[in-house]
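We use all heavy atoms of the structure for the numbers below, so side chains are in, but hydrogens, waters and symmetry mates are not. Order of the sequence lines fixes the chain letters, A, B, ..., with proteins taken first and strands second; residue numbering starts at 1 for each chain.
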Amino acid sequence: MPLDKDRLLFAYRRILEIRYLEASLSDLLKRGEIPDLYPCSGQEAVAVGVCLALRPDDQITSMYRCLGHVIAKGAEPWRVAAEFFGRRDGYCKGKGGAKHVCSFADGIYGATSIVAAGIPHAAGVALGNQYLNTGQVVACFFGDGAANQGTFHEGLNLASVWKLPVVFVCENNLYALATPIEETTAVKDIADRAASYNMPGVIVDGMDVEAVYDAVTEAVSRARAGGGPSLLECKTYRFGGHFAAEFALKIHYREDSEMDQWRKRDPILLLGAKLEKEFGFTEEAAQALRNEVQQKTEEAIARARSSPAPLPEEALQDLYADSYANLPEQEIF
Amino acid sequence: MPLDKDRLLFAYRRILEIRYLEASLSDLLKRGEIPDLYPCSGQEAVAVGVCLALRPDDQITSMYRCLGHVIAKGAEPWRVAAEFFGRRDGYCKGKGGAKHVCSFADGIYGATSIVAAGIPHAAGVALGNQYLNTGQVVACFFGDGAANQGTFHEGLNLASVWKLPVVFVCENNLYALATPIEETTAVKDIADRAASYNMPGVIVDGMDVEAVYDAVTEAVSRARAGGGPSLLECKTYRFGGHFAAEFALKIHYREDSEMDQWRKRDPILLLGAKLEKEFGFTEEAAQALRNEVQQKTEEAIARARSSPAPLPEEALQDLYADSYANLPEQEIF
Amino acid sequence: MRDINYLQAMNEAIAEEMIRDDRVIVIGEDVRAGVFGVTAGLLEKFGPRRILDTPISESGFCGAAIGAAMRGLRPVVNMHLGSFLYVAMDQIVNECAKLRYMFGGQVNLPIVFLCRSGPPGNNAAQHSDAPYPLFANSPGLKVVLPSTSYDVKGLLKQAIRDNDPVMVFGNIRSRKSSVPETGEDLVIPFGKGEVKRAGTDITVVAFLHLVEEGLSAAEDLEREGISLEVVDPRTLVPLDMQIILESLAKTGRLLVTDDSHRTCGAAAEIVARVAEKGWNLLKAPVKRVTRYDVPIPYYRAMEQFVLPNRDKIKQAARKLMGV
Amino acid sequence: MRDINYLQAMNEAIAEEMIRDDRVIVIGEDVRAGVFGVTAGLLEKFGPRRILDTPISESGFCGAAIGAAMRGLRPVVNMHLGSFLYVAMDQIVNECAKLRYMFGGQVNLPIVFLCRSGPPGNNAAQHSDAPYPLFANSPGLKVVLPSTSYDVKGLLKQAIRDNDPVMVFGNIRSRKSSVPETGEDLVIPFGKGEVKRAGTDITVVAFLHLVEEGLSAAEDLEREGISLEVVDPRTLVPLDMQIILESLAKTGRLLVTDDSHRTCGAAAEIVARVAEKGWNLLKAPVKRVTRYDVPIPYYRAMEQFVLPNRDKIKQAARKLMGV
Ligand SMILES: Cc1ncc(C[n+]2csc(CCOP(=O)(O)OP(=O)(O)O)c2C)c(N)n1
Ligand SMILES: Cc1ncc(C[n+]2csc(CCOP(=O)(O)OP(=O)(O)O)c2C)c(N)n1
Ligand SMILES: [Mg+2]
Ligand SMILES: [Mg+2]
């Protein structure tokens, strides 16, 4: 079922929100105001397409390249930005930071920075859904490089054996840091690995938000109906560095020509063109939307920046839910 | 190419050697003379078929269920038995024991008891062969349960990407300890997982030593020619408990009828019948061979038993190749 | 009260907590068959929905336990042996221990990782570890080391109710002891040690089955005129320093015995805390009776040589008294 | 002699040993690109046969390093960060460390596991660990903690020549120092510490970049009339106790500073050994200046609060002197 105009416009707005927020954070990083950022621009259609296909009470698990995922799932941009700044209003109170933004209240069940470590977490959240019989489904984001980790294998096998309501979303951006996937991965398409777990494996155009939405919708309804997990491989590309500070490392692993090809398939261009063609979405309307999102982004950044910084000694809080007088026991200097 | 009579007879003898040695060790265990044993009877045709297809200088990696592997690869029965006793002439000087018998001089590159941990070791030995350009091939033994460990996934992917000369031999005996494979494994045939690593995956009748030999011969020549790894799944069954002391646990997870079915396909019966049918191998000849092997086994046990026990303080030896005055540094009581 | 063995006490603790709270589930290899006794009979009592057999995928199912806990369940993960914890190390130490903190307190992870630690005997290097110091060095986990049937029942029940991840290391060579009738609630708070035997000459700090060894050493040495006070902190994280310091105020001499390896082990930590806070109480150098710093060998006499035991405690105690 | 930074010293050490012995190979993620500098330029010098990029499969490639070592190669495994060691924990601790012993000395495993430890800054809980105590508690490994360019070059070259598995933790905030010209062989034996600054009041035992912090603390405190002797054991396993005890014979006061967590950490071990062997030398309680027992938070001011540093060393030293 194709997305209607409103939903496509919503997707377009979300993608812009992510793109602009990242651009602002990237500037702040260059100015030394925030210390860390893993760019996702180019990949936004995956995050947005996935979350469009979820119910609000469904969950996702994210990873260090979390910005797109969390905005797409409904986290507030200013609180996301506040986490990048390390402020108290950040979702993790400044403890998690750039690589670990998540909001359990919004169904974002963690963002972890050990490659593939979140995959079994997603299976476990789905186990909880199944046990409590809530009908919720989990979408689990990870990269192409993650598909060579043992936890990928173990997590997918477990999810299949237990028929868990989870959709595994591999964002294949062709590189794990500076190493091209074909140098490290025995198969061309990660989706082929689904056969090892007796689940559907689908290759999806990750630059096309509607294609992502369609594939996820099918996988979600299967999962919700008790049919178990699926593996979706979204072919995509990251326009930025592996991390924002990559340029400082002076390493070269991608050709400009490759980047140029992918830039032509920028999800913003593709979706803009579709909106124009199918719904007469004009350049003026687009410009107005861009302005609005840009303005809101700036407001979010300003609000984040004015959030108070944590006190140094707040570092000692939040470790245990049930504390003991002598825990942690240590001399504080 | 079918095996000739001599080679088949050799295989038959080897299988008997393993079966009888295990029976003796099993008796000794019940009498409290040895403390540990993981039975492999029923599975001998895999070990013997694999090693028949290897060159003497090829290597294997084994695991806790190692008895068949090491005898098949040419370890001396008396020194194997000595290791079960924990004696000085044991291959590991009594330090490794029942689960860890190996002989590097015979190309047995370790026997490890963490499930699937040996899989990447095999890849590494193969990497060494490739680097040194020796033409040697490694055969790597593991169980069906091991195929759900992350190291299985990582090891096979790595071996494929690097085109390493290694043959992965999964002994699928249908159970991981007390749990049937279908409760824990998303695919019916482990061989299907080969596709995830872009290598051949072959199902083999693990009770038929010639079938094993044929499949391994093909995989080995492919590996030796630089064609990379293969995954062979040998369908087999263990006639004994997961470990010899299992009976004491009073757990029940296999039906007698299932055992009876598999006992009809005992590799000794199958190979005996083939020898009789094709080469007129008589029951008298078989009996003579059985007697001879039984006698040699008893001699091996006797010799092993008379090997000296290590002194307690020998426990402090063999940890480091390069020692230091103060390492280990500890007060000995 | 009735005598039950250590394994049965673990089993009862889990069963009682499963009755009390239906969000408690059991996850692990062969837990339905109950192969080594810890989970025997639970399948019959609670059904396959709550007793989950897993593939041999320790990272996978420990990770799944984390996700399930995020979603509100309270998994008890049976890891079987301490030596198998390494396979899931990232999930336990870098995920489970840290996620609450890293997410700014958004989520609780009430998970128990349960294992039998220490050499089952003749199991050699890869199956015999007692790696609790590694988890004590990883903030975010609580580390529980019970020495009797009573303690393991009460502490394991507490662990299941605790809202943080708890590592429970059991050792079935620990003392069989009496526990209240089933139904009577037995819960022991963390961080509260117990003096298992009073004495005047040396404070022997011991965990797990070494409490038993310490007690027998104390009996033997009494005949030689040396009086040991055996103190069992029961949990390593949190650690009851007060009970140790109070004992040292009496004895002035410290012997710590622990079944982990020596370098950076549990005994090292206890000695270090005493050297910080109780230095004035000491009238002699301290002694550590631990595993030697080699892996565990297979052959029994070598294995015994490496492990701490009653005789070594006695020898160390005599040295401490200068006799 | 010439000044080079710490990363370059690591890089030179590997390159020189690769020239010296063609069985030395480098394995790891992004080692061809040389992303963080440790292996920069090695691909050009030694070609793809000896510089092996891996999938993100730490257990897999650490395990492969073990197999390759069995077969006679000498792998240098670049793990990048200490926090990634957990993913390969079983392979390092339960396989690599134990196999020689468990196989009765049949095989040597000359492998170096190399990582940068300690917080790169603002990397939060999962990327900032310095988990060397976990490896010190696992017999079979040697643990190397170099504090200057000179030391890291000499110790890493020694590690590559050593016939056992060696864990090398580097910290790029360590002191830039001068090293001999390339070609001149620089090898530092394990287990030999160095007094980095002589003093009379307090023995400060420090590793890695904390040696630098200790030295600046010493400078500052000199002005307050407190004299620190900074002792750098350079390797934690084996540990040069002699140099520590000799220093304590002069000072009588012990402060240990180490970048691992506190409970069962490196400082605990050093204190424990002193309490066993040098108790008579001590004239005051000891002090440990370590990470607090919480994970590393992202926000800088909180991160700084958790980490040991010069100011905390100074404060602890003043407390020790009772001022
Ligand atoms: C276990 C582990 N190993 C290495 C790293 C360092 N690292 C961080 S991201 C990354 C590449 C991951 O690639 P991929 O899974 O394709 O995701 P992408 O970054 O492309 O989104 C690496 C190697 C890590 N965080 N965790
Ligand atoms: C990582 C790990 N987890 C659990 C165990 C305990 N264990 C030993 S053997 C075994 C079953 C293995 O089954 P499989 O791989 O099929 O081999 P089989 O024993 O059938 O030959 C288990 C669970 C272990 N040794 N290592
Ligand atoms: Mg990628
Ligand atoms: Mg099996």
What are the two closest heavy atoms between [X] and [Y], and how far apart are they?
| X | Y | value |
| --- | --- | --- |
| D:Gln91 | B:Pro120 | NE2-CG, 3.6 Å |
| D:Ser59 | B:Thr151 | CB-CG2, 3.7 Å |
| B:Tyr320 | D:Leu141 | OH-O, 3.1 Å |
| B:Trp162 | D:Ile27 | CH2-CG2, 4.5 Å |
| B:Cys92 | D:Met102 | CB-O, 3.3 Å |

Within a strict 4.5 Å, meaning less than it, do heavy atoms of the [X] and [Y] side chains meet?
| X | Y | result |
| --- | --- | --- |
| D:Tyr101 | B:Gln317 | no |
| B:Lys95 | D:Phe103 | no |
| B:Thr112 | D:Leu99 | yes |
| D:Gln106 | B:Asp318 | no |
| B:Leu319 | D:Asp164 | no |
| B:Asp322 | D:Lys142 | yes |
| B:Val125 | D:Ile66 | no |
| B:Val138 | D:Arg71 | no |

Checking [X] against chain D: side chain, backbone, both or neither under 4.5 Å from a heavy atom?
| X | value |
| --- | --- |
| B:Ala117 | both |
| B:Ala116 | neither |
| B:Thr134 | side chain |

Is chain B contacted by the side chain of [X], its backbone, both, or neither, given a heavy-atom distance below 4.5 Å?
| X | result |
| --- | --- |
| D:Leu109 | neither |
| D:Ala97 | backbone |
| D:Asn94 | side chain |

May I ask you to name which of [options] has the most heavy-atom pairs under 4.5 Å with chain D?
| options | answer |
| --- | --- |
| B:Pro310, B:Gly150, B:Ala111 | B:Ala111 |
| B:His153, B:Gln130, B:Gln136 | B:Gln136 |
| B:Val161, B:Ile119, B:Ile114, B:Leu127 | B:Ile114 |
| B:Glu83, B:Lys93, B:His100 | B:His100 |

Donor-acceptor pair, side chain of D:Arg49 and main chain of B:Tyr131, under 3.5 angstrom: yes
Donor-acceptor pair, side chain of D:Asn108 and main chain of B:Ala321, under 3.5 angstrom: no
Do you know which of [options] has the most heavy-atom pairs with chain B at a distance under 4.5 angstrom?
| options | result |
| --- | --- |
| D:Gly72, D:Pro110, D:Pro165, D:Pro139 | D:Pro139 |
| D:Ser57, D:Gly105, D:Pro75, D:Pro55 | D:Ser57 |
| D:Gln242, D:Met70, D:Arg23 | D:Met70 |

Spacing of CG belonging to D:Leu73 relative to CG belonging to B:Asn129, to within rounding of 0.5 Å: 9.0 Å
